[in-house]
Amino acid sequence: MAESATLLMARRSRELRAAGRDIIDLSLGEPDHAPPPFALEAAAEALRGPWHKYTPVNGYPDVRQAIADKFRRDNGLHYSAEQVVISTGAKQSLMNVIMALIGPGDEVVIPAPFWVSYVEQVRLAGGTPVVVSSTLDEDWKPPVARIAAAITPRTRLIMLSSPSNPSGSVLTAAEMQELADVVLRHEELYVLADEIYEHIVFDGKHLSLGTLPGMDERVITVNGLSKAWALTGWRLGYIGAPLWIAQAATKVQGQFTSATNSIAQRVAKACVEADPALLAPMRADFRRRRDLVVAEVAKIPGWRCNVPQGAFYLLPDVSASIDGKQIKGSVDLSLYLLDKVGVSLVEGRSFGAEGTLRISYATSDDKLTEAMRRVAQAISELA
Ligand code: PMP
Ligand code: GLU
């Protein structure tokens with residue numbers, strides 16, 4: 001299994017910074033905003049309460065109920081509290097479901113570009129990732145017909161990240177419906193809908209695949225506190241799923257981590273009960289930064305990008321800067337930029353999009369401007 005490419009670049013950046021280098025880290029997908037004060041208050045209050053012992057493996061019942069209520073309020077998804085499982089980050093939520101559903105011989109269709117961990121998690125479970133590619137000109141979304149063509153009798157699961165990490169692309173309602181139609185044509189085919197960026201959509205409202213007719217038995221919805229509430233370190237994710245899948249995920253979790261940290265669960269209750277309107281300023285920040293980075297990328301000769309509708313990533317096609325000699329691929333290019341000008345980006349190969357680099361713009365406007373100035377300078381010296 002490969003080391004996570006995102007975490008690897010974040011580690012390198014930390015190491016170089018510790019060694020005294022001036023590094024601008026645009027590798028890690030982590031909001032720079034402070035967590036909301038009410039969440040920290042909830043944590044402080046929980047410390048004074050009776051929340052210090054093992055919790056039920058799937059999480060405290062009242063927190064699962066609050067999550068079920070959030071799914072109904074924000075997403076129109078109708079999960080009962082028994083269908084909710086709380087885990088140590090959305091990463092564990094995904095792993096639990098993949099371990100529960102996938103074994104040797106099972107195929108998982110993964111539209112590319114994909115989040116790095118999907119492929120490795122499927123491999124860890126013994127399954128076979130089946131990657132379906134797309135191009136920048138397709139807005140980094142494989143047409144549903146291409147996804148359908150990759151489905152075989154052994155396919156059990158399709159991974160869906162919308163808004164997407166790493167491209168920021170969002171599936172339209174029509175594309176969601178097309179995908180649902182394909183899934184419903186196959187028995188025992190499920191979709192892991194990773195909605196961790198649901199609140200970072202710039203135009204229109206996020207749509208949950210599980211709300212489409214017939215899909216409630218086919219979709220596992222994943223979400224968490226990391227992105228919306230800037231609580232990456234608290235490690236809290238959750239799923240809503242068909243009951244048997246929720247029970248199987250709970251069984252897996254019971255052997256790995258028991259339950260999630262009790263205090264983080266109390267914080268989760270406060271977050272899912274909070275008004276999502278509180279997130280509007282954060283969304284506005286990300287939109288402004290998206291526009292900033294898109295404009296800077298457009299100035300670099302040969303670099304091309306789309307205008308993502310969500311999340312906080314840009315995935316420019318940088319193949320014009322790959323000459324096959326000094327710079328053999330996106331890995332070389334990311335190492336060149338880190339070494340030459342101290343800007344840390346993630347190479348696209350690990351997202352299934354060789355010839356690209358991922359820019360996480362979840363940092364201040366000043367840092368973004370300076371980072372893009374340095375990148376443009378380093379690229380001009382390559383030519
Ligand atoms: N899914 C996607 C698409 C992500 O970008 C991330 C990274 N945060 C996760 C899941 C995992 O999030 P968490 O921090 O909750 O484990
Ligand atoms: N999901 C974020 C990213 O893609 C955080 C790092 C990770 O968990 O991979 O950068």
Side-chain angles (χ1 to χ4, degrees), residues 1-14 25-33 35 39 59 67 85-98 110-122 140 158-171 191-201 206 209 220-239 253 256-257 260-261 264-265 267-268 271-272 286 308 310-315 334 344-353 356-363:
M1 196 180 66
E3 179 176 358
S4 159
T6 50
L7 300 182
L8 181 146
M9 276 315 264
R11 175 167 63 76
R12 279 209 176 121
S13 307
R14 276 190 208 110
D25 185 2
L26 309 184
S27 65
L28 201 57
E30 176 164 68
D32 59 319
H33 300 82
I67 291 170
V85 183
I86 304 172
S87 301
T88 306
K91 201 174 251 184
Q92 189 187 20
S93 300
L94 292 161
M95 192 70 226
N96 284 342
V97 174
I98 291 170
I110 306 182
F114 48 77
W115 182 44
V116 285
S117 292
Y118 293 165
V119 163
E120 300 302 329
Q121 290 190 339
V122 168
W140 291 128
I158 300 175
M159 305 297 298
L160 177 68
S161 165
S162 177
S164 158
N165 180 0
S167 71
S169 295
V170 173
L171 255 64
V191 183
L192 240 177
D194 184 341
E195 303 194 345
I196 192 125
Y197 297 100
E198 68 160 329
H199 290 299
I200 312 172
V201 175
H206 172 75
L209 185 70
I220 303 101
T221 309
V222 179
N223 212 321
L225 304 190
S226 287
K227 312 294 162 162
W229 300 104
L231 288 166
T232 44
W234 284 85
R235 311 302 307 123
L236 193 129
Y238 53 85
I239 58 166
Q253 176 158 298
F256 273 71
T257 53
T260 304
N261 174 291
Q265 289 190 48
V267 173
C271 289
V272 294
F286 286 138
F312 39 62
Y313 306 106
L314 191 68
L315 192 73
S334 69
S344 177
L345 308 177
V346 187
E347 44 83 15
R349 193 189 55 179
S350 300
F351 300 105
T356 67
L357 292 173
R358 190 190 74 172
I359 304 173
S360 166
Y361 56 81
T363 192

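Ligands are counted one by one from 1 in listed order, and the atoms in each one are counted from 1 as well. Keep in mind it's a predicted model, so treat the numbers as computed, not measured.
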J.: With heavy atoms of K91 as the reference, note each atom of ligand 2 found under 4.0 Å away.
T.: 7 (C), 8 (O), 9 (O)
J.: Under a 4.0 angstrom heavy-atom cut-off, which atoms of ligand 1 come close to S226?
T.: 13 (P), 14 (O), 15 (O)
J.: Between P111 and L160, is any pair of side-chain heavy atoms under 4.5 Å apart?
T.: no
J.: If the cut-off is 4.0 Å to any non-hydrogen atom of L7, which atoms of ligand 2 fall inside it?
T.: 6 (C), 7 (C)
J.: Are there more than 12 heavy atoms of other residues, nucleotides or ligands under 6.0 Å from atom CZ of R11?
T.: yes
J.: Considering only non-hydrogen protein atoms, determine which one is nearest to atom 9 (O) of ligand 2 and report residue, atom name and distance to 0.1 Å.
T.: T6 OG1, 2.6 Å
J.: With S117, which residues qualify under side-chain contact (heavy atoms from CB on, under 4.5 Å), at least two apart?
T.: K91, W115, Q121
J.: Can you list the atoms of ligand 2 that are under 4.0 Å from a heavy atom of L28?
T.: 5 (C), 6 (C), 10 (O)
J.: Could you give the distance from CG (L8) to CG (L28), rounded to the nearest 0.5 Å?
T.: 11.5 Å
J.: From L345 CG over to R358 CZ, what is the distance, rounded to the nearest 0.5 angstrom?
T.: 9.5 Å
J.: Does the N or O separation between R235 and ligand 1 drop below 3.5 Å for any pair?
T.: yes
J.: Applying a strict 4.0 Å limit to heavy atoms, is E30 in contact with ligand 2?
T.: no
J.: S87 and side-chain hydrogen bond (donor to acceptor under 3.5 Å, both in side chains): which partner among N96, T257, T260?
T.: N96
J.: In terms of atom number and element, which parts of ligand 2 are under 4.0 angstrom from non-hydrogen atoms of G29?
T.: 2 (C), 3 (C), 5 (C), 10 (O)
J.: My understanding is that we take every heavy atom of each candidate and find the minimum distance to atom 13 (P) of ligand 1. Doing that for G29, A90, S93, which one comes out nearest?
T.: A90
J.: Regarding ligand 1, does G89 bring an N or O atom to under 3.5 Å of one of the ligand's N or O atoms?
T.: no
J.: Go through ligand 1 atom by atom and flag the ones less than 4.0 Å from a non-hydrogen atom of I196.
T.: 1 (N), 2 (C), 3 (C), 4 (C), 12 (O), 15 (O)
J.: I need the atoms of ligand 2 closer than 4.0 Å to a non-hydrogen atom of N165, numbered in the order shown.
T.: 1 (N), 3 (C), 4 (O)
J.: What is the closest protein heavy atom to atom 1 (N) of ligand 2, and at what distance does it sit?
T.: K227 NZ, 3.4 Å
J.: Centroid separation under 6.0 Å, is that true for the rings of H199 and F286?
T.: no
J.: For ligand 2, does V116 get within less than 4.0 Å through its side chain, its backbone, both, or neither, judged by non-hydrogen atoms?
T.: neither
J.: For atom 9 (C) of ligand 1, which candidate among F114, W115, Y313 provides the closest heavy atom?
T.: W115
J.: To the nearest 0.5 angstrom, please state how far the CD atom of Q92 sits from the CZ atom of F256.
T.: 8.5 Å
J.: Residues in side-chain contact (heavy atoms from CB on, under 4.5 Å) with T221, at least two apart?
T.: F71, L77, Y79, E195, V219
J.: To the closest 0.5 Å, what do you measure between OH (Y361) and CG (L26)?
T.: 12.0 Å
J.: Check whether any side-chain heavy atom of W140 sits under 4.5 Å from a side-chain heavy atom of L315, and report yes or no.
T.: yes
J.: For K227, take its heavy atoms, then give the atoms of ligand 1 lying under 4.0 Å from any of them.
T.: 7 (C), 8 (N)
J.: Among all the protein's non-hydrogen atoms, which is closest to atom 2 (C) of ligand 1, and how far away is it?
T.: D194 OD2, 3.3 Å
J.: Can you find an N/O atom of Y118 closer than 3.5 Å to an N/O atom of ligand 1?
T.: no
J.: Mind checking whether L236 and I86 have side chains closer than 4.5 Å, heavy atoms only?
T.: yes
J.: If the cut-off is 4.0 Å to any non-hydrogen atom of Y313, which atoms of ligand 2 fall inside it?
T.: 2 (C), 3 (C), 4 (O)
J.: Any atoms of ligand 1 less than 4.0 Å from a non-hydrogen atom of N165? List them with their elements.
T.: 3 (C), 4 (C), 5 (O)
